[in-house]
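Some notes on the structure that comes next.
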Amino acid sequence: MRVNGKHYRTIWLAADGRTVEIIDQTRLPHEFVTIRLGALAEAAHAIKSMQVRGAPLIGATAAYGVALAMAADPSDAALDRAYDTLLETRPTAVNLRWALDEMRAHLRNRPRGERVAAAYARAAEIADEDVAICDAIGTHGLKLFRDIHAKKKPGARFNVLTHCNAGWLATVDWGTALSPIYKAHDAGMDIHVWVDETRPRNQGMSLTAWELGQHGVKHTVIADNTGGHLMQHGLVDCCIVGTDRTTATGDVCNKIGTYLKALAARDNGVPFFVALPSPTIDWTVRDGVKEIPIEQRSGEELSRMTGRLPDGKVVTVDIAPEKSPMANYAFDVTPSRLVTALVTERGSCPATAAGMAALFPDRAPKG
Ligand code: MRU
């Protein structure tokens with residue numbers, strides 16, 4: 001997508017053919033800064049510190065992290081070390097494990113002399129595949145939007161609510177939940193997006209609002225608790241969110257607060273869509289609430305806020321009583337019964353084991 005009119009992906013190979021460039025998302029929306037990753041440790045740090053985040057982009061960064069590790073040492077031991085180091089950076093987004101499994105399977109049986117080139121080539125493929133997948137999700141999601149829009153008065157504005165950031169910044173390009181929004185906008189639909197701010201790290205306010213603004217999509221940032229009120233007043237035509245891990249039965253793990261939005265949507269008869277690339281499906285898990293590990297992050301993400309002063313300086317301030325304990329659960333699980341449809345690169349399906357197996361007969365567990 002474009003930043004100040006120039007096309008960017010969120011991750012790319014630098015001109016030297018070895019180091020990897022990313023957008024440092026911890027600096028947005030105040031500063032647009034790109035940085036270079038030159039070693040495994042830097043790739044792991046980028047994921048852990050959320051310079052890159054979002055399930056698909058975490059996967060692509062991990063793939064390049066393995067390539068950086070191979071460039072330094074193409075041994076079996078280094079491959080295993082890279083796998084373990086990257087796997088423990090973030091526990092919830094399953095694309096991380098998927099990308100690492102892909103890389104290890106691709107490299108394991110190759111002679112050491114071929115591993116560096118093979119690692120960079122597979123990492124680039126994983127990134128390109130993500131772009132194609134998200135492009136297809138956009139096309140399928142747009143069809144769902146059009147079906148709902150067609151039932152409104154001709155020319156009426158189409159209002160979509162989204163949570164967190166599932167835009168191009170969370171992927172390599174296009175985004176998952178935002179891909180159909182970009183396609184609708186580009187096709188001339190009068191679309192407007194309600195953007196949940198998404199406390200505590202504000203991915204909605206800092207990232208979703210920023211990238212929608214860069215693309216010229218109409219949007220309004222709302223406090224996280226506003227969605228239910230808007231739905232009660234007919235101001236939301238549908239919700240669409242991304243996911244960090246979806247089970248074989250259609251339970252959806254996503255940024256904390258998603259479940260409450262799905263409950264409000266069900267109570268108000270508002271369709272609740274979840275957009276996901278197939279590497280986000282964890283076919284080994286059936287019960288999302290019981291089985292998906294939920295990342296707990298530092299309480300400082302709650303008790304501190306970063307912002308820009310009128311003089312342009314970016315500062316971080318404490319906003320909580322000094323001694324109050326903080327609990328910071330990063331994700332929650334929305335049971336499949338609250339999800340109207342899953343939107344994948346192969347089309348849409350009901351959020352059920354049968355629906356998913358019909359779209360992915362080659363991957364779904366048998367029986
Ligand atoms: O903690 P983050 O920012 O890595 O969270 C991931 C997300 O961006 C969201 O949960 C998103 O909705 C799913 S990833 C496309």
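Note that the coordinates shown come from a computational prediction; the quantities given were computed from them, not determined experimentally. Any value given below was found using the heavy atoms of this structure, including those in side chains, with hydrogens, waters and symmetry copies removed. Residue numbers start at 1 and run along the sequence shown. Start at 1 and go down the list; that is how both ligands and their atoms are numbered.
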*Within the protein, residues bringing a heavy atom under 4.0 Å of ligand 1, chain by chain*: Met50, Arg53, Gly54, Ala55, Pro56, Arg90, Cys164, Asn165, Ala166, Ala170, Thr176, Gln203, Gly242, Thr243, Asp244, Asn254, Lys255, Phe331
*Just jot down the side chain to side chain contact (heavy atoms under 4.5 Å, CB included) partners of Thr19, sequence neighbours excluded, or say none.*
Ala14, Asp16, Arg36
*Which residues pass the side-chain hydrogen bond (donor to acceptor under 3.5 Å, both in side chains) test with Asp196, sequence neighbours left out?*
His163, Lys261
*Distance-only, no hydrogens or angles: does the Arg266 side chain make a donor-acceptor pair with backbone N or O of Arg337 under 3.5 Å?*
yes
*Please name the residue in the list Trp174, Trp168, Tyr182 that meets the ring pair (Phe, Tyr, Trp, His ring centres under 6.0 Å) test with His215.*
Tyr182
*Would you name the heavy atoms of Pro277 and Thr176 that are closest together and state the gap between them?*
CD-CG2, 3.6 Å
Would you list the atom pairs, donor with acceptor, under 3.5 Å between side chains in residues 58-68 and any protein atom, with sequence neighbours excluded?
| from | atom 1 | to | atom 2 | distance (Å) |
| --- | --- | --- | --- | --- |
| Thr61 | OG1 | Leu57 | O | 2.7 |

